[in-house]
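See below for the structure under consideration.
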Amino acid sequence: MAKISWQFDENRAHEPEGFNNPGISHFTAHRLDGLVREAIQNSLDARADDDRPVRVTFTEDRVRADTIDAKSLEKAIHESLESEDNDSRHKESLNGAAKTLLLDEYVSALKIEDANTLGAEDGGGVALSGER
């Protein structure tokens, strides 16, 4: 099985990237709702063929920690920890995520796949390409 890899776009606008970034505040109350809505919207925005529907599939699973590219994800977590935009509660959450990557044999994962899309090129955040 190939390792799951991550693509993090460069923050060219140098906007705050911590938990207190106003751009993510609408996700905090209903995290899953916001994630699902954003994933579907991104897939719709990247529709490949207007005559066919876009399909988005969500699968929750536990995966072996050694099957993900933990180094790049850990790097992103540590860069977030360095942000001055996080308070102690958010830093505690990030530290917990980093420890999970290092210590747990299995981690929870949400796999998002899409079909009839152009794939991810510069959409922001974490991007994994779907079926073409």
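In this structure, Asp114 contributes its side chain and Val56 its backbone to no donor-acceptor pair below 3.5 Å. Side-chain N or O atoms of Arg55 include none that pairs as donor or acceptor with a backbone N or O of Ala115 at under 3.5 Å. For Asn116 (side chain) and Arg52 (main-chain N/O), a donor-acceptor pair under 3.5 Å exists by modelled atom type.
Atoms CG and CD, on Asn95 and Glu92 in that order, are 8.0 Å from each other to the nearest 0.5 Å. Taken to the nearest 0.5 Å, the CD atom of Glu60 stands 7.0 Å off from the CG atom of Leu110. Between atom CG of residue Asp45 and atom OG1 of residue Thr117 there is a gap of 11.0 Å, rounded to the nearest 0.5 Å. The CD1 atom of Ile112 lies 10.5 Å from the OG1 atom of Thr57; values are rounded to the nearest 0.5 Å.
Applying the salt bridge (charged side-chain N to carboxylate O under 4.0 Å, His left out) rule to pairs touching residues 98-108 yields Arg64-Glu105, sequence neighbours excluded.
Listed by chain and residue number, Glu79 satisfy the side chain to side chain contact (heavy atoms under 4.5 Å, CB included) test with Lys75 (two or more places apart in sequence, or in another chain).
Shortest non-hydrogen contact noted between Arg62 and Ser108 is NH1-OG, 3.2 Å.
No side-chain heavy atom of Val63 sits less than 4.5 Å from a side-chain heavy atom of Tyr106.
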